[in-house]
Amino acid sequence: MKYGFNLQSLINETEDTVFNKEDNLSYEQEERLKAQIKQIDEEISSLEEMRLKLGRLLDYNAVKNDGFSVEDIRAFAAEDEEYVEKINELYDKNLYMRDYMFGYPVNMQDYSYTSQYCRNLESRLYLMNNCGDPYQLGNYGMDGKEIEKQIVDTFAKIFGLTNDKYWGYITTGGTESNFWALREGYCKFPNGKFYYSEDAHYSVDKFLSSSVSKFCCQKIDTDGQGAIDVEKLKSAILEDKTSKDNGVIIILTWGTTCRGNVDDVKAITEFLLSEGIPYYCHLDAAHYGGIPQNQKSAPTLKNVVDLNVDSVSVSLHKYIGTARVNGVLLSLSRSRRNYVDYIGQEDSTFLGSRDYMPFSTLQRTREILHRTPPETYILNVEFFENELKVFGVSFERVADGNIFILDKPSDEICKKYQLASFKDTAGNDKCHVIIYPFHKRDIMKQLAEELAKSEK
């Protein structure tokens, strides 16, 4: 690599300002750093291409030594070249589509340079299988359990869990977390009755329909705004002798899928406690559970203990914005399962084996939860809301939420902006727009304008 000046001198100069002086880097210093990073990135890309060309010669020669013919080698090379060209197109498409992703809860903020370094290391790893219980070690040593426990500890701390009685693990996302909680609830109350909202995540119905056993359950209406109707839930429980005698299993939501409503969790658990009804309550906080607690005008989740729930789950790929679909499940008590000789530990998770990107997931979690300025969540939300008003677009928005409910526009707009559509309780076609800090304001304005034209 060739540079116009000594990089180490630039590092020393800027490092001294960042770590030792009260003033920030000057505009000129920032631009010099950015220019050097851009040059390094360009050279890395060029070197990666050359590495691929050189490495292929070694790969094909090894295949040739294994007895394949020259014609075979040429066919393999043509196949590989076609594939590389295709995935480069998919790569470019992914980066382009990221700016137009408004319909699903994924916070695709740029990765910090430390997180990028972590992801680069992860790309060179072989299989990391977190097999069995996260707090136990079996014979398979290539795992990321040490970091898995640190991620669990990070969420436990912000949710107010201060003792060592909690337990948790990294899941494949909200569906597995809900499955684990339902299994746990039915293990605690085998003859109990399960209650859930009509706006609960679709994984709940999936669990019930895919289970061999037919569970006693009841779906409860919402209050018209998307939160579970507390009074109807209370009445249903009090009227059912099965619930009072055999226990209640319930899933509540902190940020429903379509509207982003928050159930009145404490009112429900305090009712169960006051009536002396034994229960297992899981809180599905897939979306809002990852919002940093310092955020202004945000539906943050704080003291979980005070809510009297038994477990809580958060999707890491939603507000935290990890690049792989994962979640974190926290149980306020230790989960115990059968010991399995083959893996040399308890099989306490739902799927058994699991993987994730450990280095970048922990780094990203720490950065989002602890280094986010307090107005980051709300700035784009307020901007988009104002744009909708300027263009005269009708919408609904739950207080403090980042989800906007709109009449469904044309299929063309839905496809362009990747909008999720659904029917409301009256059977009307709706869609929602979910706003995150990564969204660009020029594209948000463009979306609002196209929605306005679609309404006419």
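Using modelled atom types, one finds no donor on one side chain facing an acceptor on the other under 3.5 Å when comparing Glu412 with Tyr417. Side-chain polar atoms of Asn130 and Glu148 form a donor-acceptor pair below 3.5 angstrom. Judged by distance alone, the side chains of Tyr169 and Glu176 do bring a donor and an acceptor atom under 3.5 Å apart. For the residue pair Asp284 and Thr253, no side-chain donor N or O sits within less than 3.5 Å of a side-chain acceptor on the partner. A donor-acceptor pair shorter than 3.5 Å cannot be found between the side chains of Asn178 and Thr175.
Distance alone, capped at 3.5 Å, is enough to place a donor-acceptor pair between the Tyr111 side chain and the Ala323 backbone. Judged by distance alone, with hydrogens and angles left aside, the side-chain atoms of Thr376 form no donor-acceptor pair with the main-chain N or O of Thr372 at under 3.5 Å. Under a 3.5 Å cut-off, the side chain of Gln418 and the backbone N or O of Tyr100 do form a donor-acceptor pair. No donor-acceptor pair under 3.5 Å is formed between the side chain of Arg259 and the backbone N or O of Thr257.
Between His432 and Phe422, the ring centre distance stays below 6.0 Å.
Between Phe159 and Phe155, the ring planes lie tilted relative to each other; the angle falls in the 30° to 60° range. Taking the six-membered ring where the residue is Trp, Tyr377 and Tyr319 present tilted rings, their angle falling between 30° and 60°.
Checked options Phe391, Phe404, Tyr436; the residue passing with Phe384 is Phe404 (criterion: ring pair (Phe, Tyr, Trp, His ring centres under 6.0 Å)).
Applying the ring-ring contact (aromatic ring centres under 6.0 Å, His included) definition to pairs two or more places apart or across chains, those involving residues 39-75 are Phe68-Phe76.
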Test ring-ring contact (aromatic ring centres under 6.0 Å, His included) applied to Tyr196 and Phe194, step by step: CA-CA 7 Å; Tyr196 65 109; Phe194 172 50; 5.0 Å; yes

